[in-house]
2 protein chains.
Amino acid sequence: METFPDILWKRFGNASKYPKNSTEDFFMRTPTIRDVAQRAGVGVGTVSRVINGSPQVADGTRQKVLEAIAELGFSPNKAARQLSGGKTSTVGVITPFLTYPSFVERLAGIQDVLDHHDYDLVLYSIRHPQQTQRKLREIGAQVAVDGLIVLSFLLQTFTHEELRRMNLKLPLIAVDHDPQDYYPHIFIDNVAGGRMAAEYLIRKGHRKIGFVGHVIESAFENESGFTSSQRRFKGMKDMLLEAGLPINDAWYQFGAPNEYSACEQALHILSVPNRPTAIFAAYDTLAFGVQAAIDKLGMKCPDDVAVIGFDDVKAASYMRLTTVNQQLFHSGELGAQYMLERLKTGSFKPDHWHVELALTVIERATA
Amino acid sequence: METFPDILWKRFGNASKYPKNSTEDFFMRTPTIRDVAQRAGVGVGTVSRVINGSPQVADGTRQKVLEAIAELGFSPNKAARQLSGGKTSTVGVITPFLTYPSFVERLAGIQDVLDHHDYDLVLYSIRHPQQTQRKLREIGAQVAVDGLIVLSFLLQTFTHEELRRMNLKLPLIAVDHDPQDYYPHIFIDNVAGGRMAAEYLIRKGHRKIGFVGHVIESAFENESGFTSSQRRFKGMKDMLLEAGLPINDAWYQFGAPNEYSACEQALHILSVPNRPTAIFAAYDTLAFGVQAAIDKLGMKCPDDVAVIGFDDVKAASYMRLTTVNQQLFHSGELGAQYMLERLKTGSFKPDHWHVELALTVIERATA
DNA sequence: TTTGACAATGGAAACGTTTCCAGATATACT
DNA sequence: AGTATATCTGGAAACGTTTCCATTGTCAAA
């Protein structure tokens, strides 16, 4: 009971270490650059040059080689390529082990760009912050990727000095990362985003504004820098103070980053005697929970209580949620794009060192 | 303006092709197995044996080697390992380019298992079905992965014969795949799942049951085998017929696989004079859209119209959605687990050839 | 003491590329 | 014709492992 590929693998896979003699192997081996060279009647160097698009090849020769490649169905072996030339055509993405929709959308953006440039994507995940250093060291030492995109978490513990000690020879770019000078990064101004959300609600006539956010409890989340909820909260409060609007701690609740918890929190907020007329949720996912709470209390969303989210994940548009767009997919695209450019040119463009993405309030049905 | 790693990379990275002479390089190179051997005063073969856990090493020697490895911070080069031994410690996952939550949960399961076994995960995505063959061939030829997990789509076009022609030497396992005899696969009985959902609603006293599903429009979706929505619909209809309940085509709507579209469809269904009292949504995401529609019409979810979904994605529990659980995360875990076992033992266990996962109705607040 | 068996070890060859250098060929200029 | 220059090409060496074979050392049995 074996797959067909299995049988082939067991019988011929990784063999061919000995049968060097017979020119025409009865069993088809995976063709190598040598086979191509022989077939085209040229040297291996020439084939390599053709593969890599070197201009130093006569047109006629190139033709012959390309034909031989096509006939044999040759595709260069990645490992050999990497071992010899130091290039893997692979980019790593390292993330906390989370499945937030926002993470997925960013990843999709990265994948999309890499795919168009024939780069592969290796996904690393970090479960515990202590793993981070070891993992980075491993990745660096194995030379399995050409570059690394750090997605949605903060390398707080990795200072300049520590990386120097690690001797990590790997270009790094961070997507969704607080501004720091150690690596290029793509980021948003969460405080400003909080202000924008609050400002929008104020402009809509709201004077009592609540907040549902993410409480930072575990050491991991803390060290990983999941501070966006806090920043957004700060931005909102700043705005409220400036506008001279009331601050009431009973209107602000923090909990786990999921809809269910957000629903509970919203229920609390909406049960106080002097309840707010609008709620700002730190993430869209939390906003969905808030909507559920409003529903549960028999209230109407835009009229009794307005809701604004943050992120603009795909589901937000389906749910007609008013929210702050932060260009999730695009952030991934940019990260990948800059990384590829870095790999091609040898250095990051100064402009790509510190890239802030614009935020936009998207007005839909909930506020 | 360069990252610190950048500078190192440019100056020393991939160099060391020449400085063979001086025993003590001033600039630290990435240590190789030879460095370890020298430091431990043994041969390279011995170091290799230690790394790979061969019993053919004296304890004392092993100690020395391990120490040298630790001191130098040595980590074996993946490319070299692969080129020589044919093993990559990497498993590929190939999927249609989609970001459905169900896909992500399966992927998370895979990632989780691989991570625990020090395997890397390479993510391939297919945008057009025509790519599939080329992509598979590439993956096979590059020998960049030890095995391939085909996730959430059907290799309909790849018959036994075609794969034989491709000479694909790669163990394959499919997760969320219709039963076929060509590869091992993990699957669910979608028809039975549809029956279960319908049966549940009937048991709850419903006699008029609607359906919101996914219309198969594009060639890609068609060829990729996105037939689960149809199967679930068939199961439901079978059950209704058996129970002698009414069939009314106005109650069944099909559209794009997102909340928004599902909302529209549900609005249609609930606007007919003789509307159903319960709706079965082919996916949880669609169920969320149905709930939105109910809300919009000023109806109450469990009382006026009941809703049952399918998949039991994470969000379903937050949303208190009654649904059919299909063990998404677990399906990924199993796929990865079986693949690793295959890689270790050389063949898939007969029991793992054809694995059906149980379905369970999860009763929550919406039906 | 000799022999045989076996465990432990060192090191060469092989994996399939890229890159560099030297050589060959063609072209242009004296 | 002879020389210089530019273009093209072949092939060896190198990348860092694993694996196999040969060699050494050890111990038990004769």
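Keep in mind that the numbers below use all heavy atoms, side chains included, and drop hydrogens, waters and symmetry copies.
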Look at [X] and [N] and indicate whether a side-chain polar atom (N or O) is within less than 4.0 Å of OP1 or OP2.
| X | N | result |
| --- | --- | --- |
| B/Thr61 | C/dT9 | yes |
| A/Thr46 | D/dG10 | yes |
| B/Gln56 | C/dA7 | no |

For the side chain of [X], counting heavy atoms from C-beta on, which of [options] is nearest?
| X | options | value |
| --- | --- | --- |
| A/Val57 | D/dT18, C/dT17, D/dT9 | D/dT9 |
| A/Ala58 | C/dG11, D/dT9, C/dT18 | D/dT9 |
| A/Ser48 | C/dT18, D/dT17, C/dG16 | C/dT18 |
| A/Asn77 | C/dT18, D/dT17, C/dG16 | C/dG16 |

Between atom [atom1] in [X] and atom [atom2] in [N], what is the gap in whole Å?
| X | N | atom1 | atom2 | value |
| --- | --- | --- | --- | --- |
| B/Asn52 | D/dC20 | CG | P | 13 Å |
| B/Ile51 | C/dT9 | CD1 | P | 15 Å |
| A/Leu83 | D/dA13 | CG | P | 17 Å |
| A/Lys78 | D/dC15 | NZ | P | 23 Å |
| B/Arg34 | C/dG11 | CZ | C1' | 9 Å |
| B/Asp59 | C/dA8 | CG | P | 8 Å |
| A/Arg81 | D/dG16 | CZ | C1' | 19 Å |
| B/Ile33 | D/dC15 | CD1 | P | 14 Å |

Would you name the heavy atoms of [X] and [Y] that are closest together and state the gap between them?
| X | Y | answer |
| --- | --- | --- |
| A/Ser331 | A/Ile186 | O-CD1, 3.9 Å |
| A/Ala144 | B/Lys78 | CB-CD, 4.0 Å |
| A/Leu172 | A/Pro184 | O-CD, 3.2 Å |

- Which angle, rounded to 10°, do you find between the first-five-pair axis and the last-five-pair axis of the helix from C/dT1-D/dA30 to C/dT30-D/dA1?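 Rounded value for the end-axis angle: 50°.
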
- Task: Could you tell me how the ring of B/His352 sits relative to the ring of B/Tyr338: parallel (under 30°), tilted (30 to 60°) or perpendicular (over 60°)?
- Result: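 Aromatic pair B/His352/B/Tyr338 classed parallel.
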
- Between atom CG of B/Leu121 and atom CG of B/Asp115, what is the distance when rounded to the nearest 0.5 Å? 9.0 Å

- Task: Could you tell me whether a side-chain N or O of A/Asn77 sits under 3.5 Å from a main-chain N or O of A/Ala79, the two making a donor and an acceptor?
- Result: yes

- Item | Pairwise 5' ranking along DNA chain D for B/Ala79 and B/Gly45, keeping only the more 5' one |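 Between the two, 5'-proximity favours B/Ala79.
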
- Item | DNA chain C: 5'-proximal contact among A/Arg49 and A/Thr32 (nearest heavy atom) |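 Its nearest nucleotide lies further toward 5', so the answer is A/Thr32.
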
- State, with a plain yes or no, whether a side-chain heavy atom of B/Ile110 is found less than 4.5 Å away from one of B/Val93.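 Yes; the side chains approach each other to less than 4.5 Å.
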
- Query: With a 4.5 Å heavy-atom cut-off, do A/Gln82 and A/Lys87 have their side chains touching?
  - Reply: no

- Query: Reckon B/Gly41 touches a base, only the sugar-phosphate, or nothing at all at heavy-atom distances under 4.0 Å?
  - Reply: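 Touches sugar-phosphate only.
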
